[in-house]
Amino acid sequence: RLTFNSTINQRLLKQKYEELARLDPMTGVFNRSALATDLPRIVAEGSVAIHAIDLDHFKAANDRFGHPVGDALLKQVADRLTRLAGEGDLVVRMGGDEFILVQRGAASCGDAEAVAKRIYDVVTAPYEVAGHDIVIGVSIGIALAPNDVTSSEMLLLRSDRALYQAKSFRGGYVFAGDLPAAAEAPERASAVRPHAA
């Protein structure tokens with residue numbers, strides 16, 4: 001019985017440590033390792049939208065108010081993204097002020113666009129952190145599977161390229177499908193609205 005109990009405890013501890021290794025210690029959302037292991041399976045199961053998210057003006061707020069306030073701001077952003085995510089969706093902090101929201105069941109561009117608009121509205125709403133009122137912007141790059149690609153690696157790459165273009169438009173969102181294949185530069189961008197400076 002002692003051996004059995006010891007084995008069970010060891011397995012439970014192993015599972016606990018494996019789960020902790022998949023989490024970002026600052027924000028509590030998933031980290032890159034969870035994305036690497038889970039995304040291929042999610043893509044294989046059906047339609048998916050990848051929302052690559054970058055916070056605009058975060059560095060300015062971090063520099064102005066200090067790193068503790070910046071860290072607290074990132075936690076609030078992660079919490080807002082977690083609350084708007086659907087059941088089975090993944091919220092991942094890629095590092096710094098970059099996040100990814102993996103939206104399951106995005107059967108059309110309209111489904112993905114609806115979530116992108118919610119991300120924009122939720123993330124750009126004012127924050128109160130340690131007595132400071134803070135407003136940041138957000139840029140979002142969106143790639144769809146199977147519309148754009150079926151490989152999880154290419155899906156991430158295309159969402160990142162769309163994000164780069166969204167940032168060049170100073171916020172809003174851009175679909176990877178709007179990027180010409182040759183130059184990977186947009187002919188048009190779906191900007192939600194200018195974010196607050």
Side-chain angles (χ1 to χ4, degrees), residues 24 26-32 35 49-86 89-103 106 109 111-144 148 155-180 183-197:
D24 174 54
M26 179 189 296
T27 62
V29 299
F30 288 110
N31 61 23
R32 285 175 177 268
L35 190 68
I50 300 293
H51 300 264
I53 302 162
D54 188 86
L55 306 180
D56 300 325
H57 309 305
F58 170 79
K59 185 179 184 302
N62 193 51
D63 291 345
R64 179 179 177 185
F65 301 114
H67 294 299
V69 170
D71 292 349
L73 178 58
L74 288 175
K75 292 177 185 177
Q76 288 195 29
V77 170
D79 185 59
R80 291 184 183 189
L81 290 174
T82 300
R83 289 201 306 269
L84 72 81
D89 292 352
L90 291 182
V91 176
V92 178
R93 182 179 176 222
M94 298 297 283
D97 61 349
E98 296 183 10
F99 294 83
I100 281 182
L101 191 150
V102 180
Q103 177 191 0
C109 288
D111 292 339
E113 186 169 24
V115 170
K117 288 180 178 179
R118 289 179 60 206
I119 292 171
Y120 187 94
D121 289 341
V122 165
V123 173
T124 59
Y127 297 82
E128 196 282 321
V129 185
H132 304 290
D133 295 323
I134 301 175
V135 176
I136 57 175
V138 66
S139 298
I140 308 164
I142 309 162
L144 303 173
D148 295 319
L155 196 62
L156 290 170
L157 178 61
R158 296 219 64 201
S159 66
D160 188 63
R161 288 175 175 169
L163 171 63
Y164 179 80
Q165 295 302 324
K167 288 184 70 64
S168 75
F169 288 103
R170 301 185 64 82
Y173 58 90
V174 169
F175 278 89
D178 289 342
L179 305 179
E184 287 290 343
E187 293 174 340
R188 61 187 178 85
S190 303
V192 181
R193 62 172 179 259
H195 57 260

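What's counted below: heavy atoms across the whole structure, side chains too, no hydrogens, waters or symmetry copies.
Nearest approach of Val123 to Ile136, heavy atoms of both residues: O-CG1, 4.0 Å. Shown here for Thr124 and Val135, the closest heavy-atom pair between the two residues is O-CG1, 4.1 Å. Annotation for Ser139 and Leu163: closest pair O-CD1, 3.2 Å, computed over non-hydrogen atoms.
Gln165 places no side-chain N or O within 3.5 Å of a backbone atom of Gly141 that could act as its donor or acceptor partner. In this structure a side-chain-to-backbone donor-acceptor pair under 3.5 Å is missing from Arg158 to Ala143. Side chain of Arg80 to main chain of Ala125: a donor-acceptor pair is present (N/O by atom type, distance under 3.5 Å, no hydrogens or angles).
Residues forming a side-chain hydrogen bond (donor to acceptor under 3.5 Å, both in side chains) with Asp79 (at least two apart in sequence, or on another chain): Arg83. Judged as a side-chain hydrogen bond (donor to acceptor under 3.5 Å, both in side chains), and not counting sequence neighbours, the contacts of Asp63 are Lys59. With sequence neighbours left out, Asp160 forms a salt bridge (charged side-chain N to carboxylate O under 4.0 Å, His left out) with no residue at all. A search for side-chain hydrogen bond (donor to acceptor under 3.5 Å, both in side chains) contacts involving Lys75 returns nothing, not counting sequence neighbours. Remark: Ala78 engages Thr27, Val29, Phe99 in a side chain to side chain contact (heavy atoms under 4.5 Å, CB included) (not counting sequence neighbours). Contacts of Leu90 classified as side chain to side chain contact (heavy atoms under 4.5 Å, CB included), with partners at least two apart in sequence or in another chain: Phe30, Asp38, Ile42, Val92, Val102. Remark: Tyr164 pairs with no residue by the side chain to side chain contact (heavy atoms under 4.5 Å, CB included) rule, at least two apart or across chains.
Tyr173 has its side chain out of reach of His51: every pair of non-hydrogen atoms, C-beta onward, lies at least 4.5 Å apart. Looking at heavy atoms from C-beta onward, Gln103 lies in side-chain contact with Asp111 at the 4.5 angstrom threshold. Looking only at side-chain heavy atoms (C-beta outward), Leu156 and Ile100 come within less than 4.5 Å of each other. Contact annotation: the side chain of Val138 never approaches that of Val77 to less than 4.5 Å [non-hydrogen atoms, C-beta and beyond]. For the pair Ile142 and Glu113, the minimum side-chain heavy-atom distance is 4.5 Å or more.
A salt bridge is defined here as a Lys NZ or Arg NE, NH1 or NH2 lying under 4.0 Å from an Asp or Glu carboxylate O, and Asp56 with Lys167 meets this definition.
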_Evaluate Asp89 against Val115 for side-chain contact (heavy atoms from CB on, under 4.5 Å), listing each step before the verdict._
CA-CA 11 Å; Asp89 292 352; Val115 170; over 6 Å; no

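Atom CG in Asp54 sits 10.5 Å away from atom CD1 in Ile140 (nearest 0.5 Å). Annotation: the span from Asn62 atom CG to Leu74 atom CG amounts to 7.5 Å, rounded to 0.5 Å. In this structure, CZ in Phe58 is found 5.5 Å from CG in Leu73, a value given to the nearest 0.5 Å. Separating the CD1 atom in Ile53 from the CE atom in Met94 is a distance of 11.0 Å, to the nearest 0.5 Å.
Residue pairs meeting the side chain to side chain donor-acceptor pair (under 3.5 Å) criterion with at least one member in residues 91-102, sequence neighbours excluded, are Asp24-Arg93. Residue pairs that meet the ring pair (Phe, Tyr, Trp, His ring centres under 6.0 Å) test with at least one member in residues 64-86, sequence neighbours left out, are Phe65-His132.
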